[in-house]
Amino acid sequence: MTAKISLARYHRRRDFSKTAEPEGRLEDASEEQPSYVVQIHDARSMHFDFRLEADGVLKSFAVPKGPSNDPHDKRFATPTEDHPLEYRDFEGTIPEGQYGGGTVIVWDQGTYRNATTGRDGREIPLSEALELGHASFRLDGRKLHGGYSLTRIRDAGDGGKEAWLLVKHADERASSTGTPDPRRARSVRTGRTLNQVAADARPGRGDHP
């Protein structure tokens, strides 16, 4: 897939003369462990954005209640447009009137290992797994660790949206701590809360440390 196709929806929704979000481009696959990021986004409705690197972009899901360390928590997730890899480091305030207007912090980031396999035991690439409707992976981040799965529970149809579940595996890194209060949570990049990032924003352009 070309950069123009993969990131077209991302670019179409944003005016980069007004927002500090990275314009980005499709990047070649790295030989390093693929990355992931979880951002808290205080937009029209508060939510977490869960993003996994694959095929030179970030495959992205909006997770209203955020990822949990507790396997009993089944977190509803909605796929959103692919984001450029530079978005991993974006933290700031998207101006009012722009798509997704509101404040963003990087709540967690790290690397992951794809753990999706077929019946024959062979690994299924993450992008293909997502297309098929189920992906498993192990996170190694600052806050999240161990196995998780994304599973599609409803296809898009009749003008509706796909629905997915993000669930923690019952492994050695599982716990009952759940998800923190997003308004009290702090960025792993700068140690700031959402309110502190909003207070530090540059007029009209947000900020992107």
Side-chain angles (χ1 to χ4, degrees), residues 9-10 34-54 57-83 87-88 90-91 94 99-100 102-117 124-157 160-189 193-194 197:
R9 189 179 179 199
Y10 173 85
S35 63
Y36 82 93
V37 65
V38 182
Q39 288 156 312
I40 301 177
H41 191 174
D42 186 11
R44 183 170 55 183
S45 60
M46 180 80 73
H47 64 277
F48 290 68
D49 287 311
F50 185 82
R51 312 188 196 279
L52 296 162
E53 177 184 348
V57 296
L58 295 172
K59 300 295 182 182
S60 301
F61 291 79
V63 185
K65 293 186 177 181
S68 174
N69 293 311
D70 189 341
H72 295 98
D73 293 335
K74 294 177 173 57
R75 299 304 202 200
F76 181 82
T78 303
T80 62
E81 71 273 19
D82 292 346
H83 282 51
Y87 215 94
R88 290 173 296 198
F90 176 72
E91 186 167 284
I94 301 168
Y99 176 75
T103 305
V104 177
I105 64 170
V106 178
W107 177 69
D108 188 33
Q109 59 185 181
T111 60
Y112 78 91
R113 180 173 61 81
N114 182 23
T116 313
T117 58
I124 299 174
L126 185 81
S127 292
E128 181 180 342
L130 292 174
E131 290 180 5
L132 293 172
H134 178 81
S136 293
F137 39 86
R138 289 188 62 85
L139 303 180
D140 184 15
R142 300 276 295 277
K143 297 176 180 178
L144 299 177
H145 302 276
Y148 284 81
S149 290
L150 275 163
T151 303
R152 185 166 55 222
I153 58 172
R154 185 179 69 227
D155 289 317
K161 294 183 178 180
E162 287 186 15
W164 293 64
L165 291 179
L166 174 64
V167 180
K168 176 76 183 78
H169 293 178
D171 57 21
E172 73 283 357
R173 303 310 297 262
S175 73
S176 60
T177 56
T179 308
D181 178 350
R183 295 201 177 276
R184 296 169 62 94
R186 292 186 176 273
S187 162
V188 294
R189 296 191 67 243
T193 64
L194 285 164
V197 170

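Since this is a predicted model, take the numbers as computed values, not measurements. All residue numbers in this chain count up from 1 along the given sequence.
Looking at S60, its side chain does come within 3.5 Å of a backbone N or O of L58 through a donor-acceptor pair. A donor-acceptor contact shorter than 3.5 Å is absent between the side chain of K59 and the backbone of S127.
Side-chain contact between S187 and V197 is absent, with no heavy-atom pair separated by less than 4.5 Å. Annotation: side chain of S68 is not in contact with side chain of K168 (no heavy-atom distance under 4.5 Å). When side chains are defined from C-beta on, L166 does not count as touching F48, because their heavy atoms never get closer than 4.5 Å.
Using a cut-off of 4.0 Å between Lys/Arg side-chain N and Asp/Glu carboxylate O, R138 and D171 are scored as salt-bridged.
The number of heavy-atom neighbours closer than 6.0 Å to NZ of K143, taken from other residues, nucleotides and ligands shown, is above 12.
Atoms OG1 and NE2, from T151 and H134 in turn, are 4.5 Å apart once rounded to the nearest 0.5 Å. The CG atom of L150 sits 13.5 Å away from the CZ atom of R75 when rounded to the nearest 0.5 Å.
Partners of D70 according to the salt bridge (charged side-chain N to carboxylate O under 4.0 Å, His left out) rule, which considers only residues two or more places apart in sequence or in another chain, do not exist here. Under the side-chain contact (heavy atoms from CB on, under 4.5 Å) criterion, E128 pairs with I124, P125, L132, not counting sequence neighbours.
For S149 and H169, the side-chain atoms include at least one donor-acceptor pair closer than 3.5 Å. Side chains of Q39 and R51: a donor on one and an acceptor on the other come within 3.5 Å.
For residues 103-116, there are no salt bridge (Lys or Arg N to Asp or Glu O under 4.0 Å) pairs, not counting sequence neighbours.
Between F90 and Y87, the ring planes lie tilted relative to each other; the angle falls in the 30° to 60° range.
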